[in-house]
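Here, residue 1 is the first one in the sequence, and each next residue gets the next number.
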Amino acid sequence: MLDLFAGELRRLRTAAGLSQEALAEKINFSPSLVAAVEQCRRPPRREFTQKCDEVLSSAGLLLRIRDAIVRESVVPWFREWAAIEREARALRSFQPLVLPGLFQTQDYAYALCATGSPLPAEEVDQIVAGRMARQEVLTRTPPPLLVAVVDYTVLERPIGGPQTMREQLHRLIELGERPNIHIHVVPKAVGGYTGLSGPFVLASPFEGNDVAYLDNQIKGTVVDLAAEVRILNEAWEAVRAEALPKRQTLSMISEAANQWT
């Protein structure tokens, strides 16, 4: 599907008599981004797609293709949670091994999805595109309150190499400076703690009760039974109690980023 989007963008741009540089100037994005999208090296973001549709007078064709890419990139068992995440008032996420998907850079996400994966490159590209599209929830109006706790090992695990890690941690700092996003790290000195049993996410909707999401090697599960959600809420409180405050966390992330040279 990414190649379909790239082909249609190239066709529409050529029909309009525009070079990549000229289109980039009209939509206020960089020529390198236009080239990367046309070469299937970058998934198209919604704002980029909308501006291309407007400038190329394509009557929403590119946006429809992009929306289809997003739908197909989300595996069936994740679609329920993706909808919950998109509409949540607040999200609380704990990850002991990797960064939450909503925080991942494209290179970090690709390294996670592609390393050791039996999937063909095109499917990996679509999964990554879907993950990047999910991050649009961070810029919606109003944005959700997002509190994330990660284990310190997430800052040290070499996903994709030094440059990928450095860029990822700088992105984490930028996100952590936003007023609606709070990131906390559980330091090494803590030793064993409740969260090491596995990752989970809690979502608070604008109306109704909290729901949760659990992930494993086979598939993820949406948890909505009150008794089970209560257990995860208690686990969250235990995990959050072990983590560093926001400012100390951002300082630790900055130091970790400087180590990836």
Side-chain angles (χ1 to χ4, degrees), residues 1-2 5 43-46 49 63-106 108-110 112-114 117-120 122-150 175 180-183 195 197-237 239-240:
M1 288 291 287
L2 280 176
F5 184 97
R45 295 253 181 183
R46 175 169 286 273
T49 304
L63 189 58
R64 290 193 294 275
I65 296 174
R66 181 191 177 277
D67 288 345
I69 292 172
V70 172
R71 287 194 300 272
E72 290 193 6
S73 66
V74 177
V75 291
W77 49 262
F78 190 76
R79 288 173 186 162
E80 181 183 4
W81 179 256
I84 292 170
E85 178 182 75
R86 194 163 52 244
E87 302 297 328
R89 173 183 57 81
L91 294 162
R92 290 168 289 159
S93 173
F94 171 69
Q95 282 286 351
L97 300 175
V98 297
L99 288 171
L102 293 179
F103 293 164
Q104 293 173 14
T105 64
Q106 180 172 302
Y108 185 97
Y110 189 88
L112 278 177
C113 295
S117 173
L119 297 175
E122 182 178 349
E123 289 189 36
V124 172
D125 288 343
Q126 289 191 2
I127 291 171
V128 173
R131 190 165 299 177
M132 296 300 100
R134 282 174 52 211
Q135 295 179 5
E136 291 171 5
V137 71
L138 301 180
T139 55
R140 77 170 197 216
T141 303
L145 171 66
L146 177 50
V147 185
V149 176
V150 299
L175 290 170
N180 63 304
I181 297 178
H182 304 275
I183 302 171
S197 298
F200 60 92
V201 187
L202 289 156
S204 300
F206 282 94
E207 296 182 6
N209 299 321
D210 288 357
V211 292
Y213 178 76
L214 298 174
D215 209 351
N216 59 45
Q217 290 286 340
I218 300 174
K219 65 178 183 178
T221 303
V222 174
V223 178
D224 56 9
L225 290 177
E228 295 178 348
V229 173
R230 183 170 62 252
I231 290 171
L232 290 172
N233 267 306
E234 292 172 356
W236 168 261
E237 293 300 329
V239 165
R240 178 65 187 85

Open item on the list: If you apply the rule side-chain contact (heavy atoms from CB on, under 4.5 Å), what do you find for Phe200 with Val223, and how did you get there?
Closed with: CA-CA 10 Å; Phe200 60 92; Val223 178; over 6 Å; no

TODO: Could you tell me whether a side-chain N or O of Gln135 sits under 3.5 Å from a main-chain N or O of Gln104, the two making a donor and an acceptor?
DONE: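 Looks like yes, one N/O pair under 3.5 Å.
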
Open item on the list: Between Arg140 (side chain only) and Arg86 (backbone N and O only), is there a donor and an acceptor less than 3.5 Å apart?
Closed with: yes

Give the minimum heavy-atom separation between [X] and [Y], together with the two atoms involved.
X	Y	result
Ser93	Trp236	O-CZ3, 3.4 Å
Arg131	Gly101	CG-O, 3.8 Å
Pro143	Leu138	CB-O, 3.7 Å
Gln95	Pro199	OE1-CB, 3.5 Å
Val150	Pro100	CG1-CD, 4.0 Å
Tyr108	Leu99	OH-N, 3.2 Å

Rounded distance (nearest 0.5 Å) linking atom [atom1] of [X] with atom [atom2] of [Y]:
X	Y	atom1	atom2	value
Arg64	Arg66	CZ	CZ	14.5 Å
Thr139	Asn180	OG1	CG	10.0 Å
Asp224	Ile84	CG	CD1	7.5 Å
Leu202	Phe94	CG	CZ	12.0 Å
Asp210	Arg92	CG	CZ	5.0 Å
Leu175	Leu146	CG	CG	8.5 Å

- [ ] Evaluate the side-chain proximity of Trp81 to Val211: yes if any heavy-atom separation is below 4.5 Å, no if none is.
- [x] yes

Open item on the list: Quick check: do Val201 and Glu85 have side-chain heavy atoms less than 4.5 Å from each other?
Closed with: no

TODO: Given side-chain contact (heavy atoms from CB on, under 4.5 Å), test Tyr110 with Thr105 step by step and report yes or no.
DONE: CA-CA 9 Å; Tyr110 189 88; Thr105 64; over 6 Å; no

TODO: Determine, step by step, whether Phe206 and Glu87 satisfy the side-chain contact (heavy atoms from CB on, under 4.5 Å) criterion, reporting the C-alpha distance in whole Å, the side-chain angles of both residues, the deciding distance to 0.1 Å, and the verdict.
DONE: CA-CA 8 Å; Phe206 282 94; Glu87 302 297 328; 6.0 Å; no

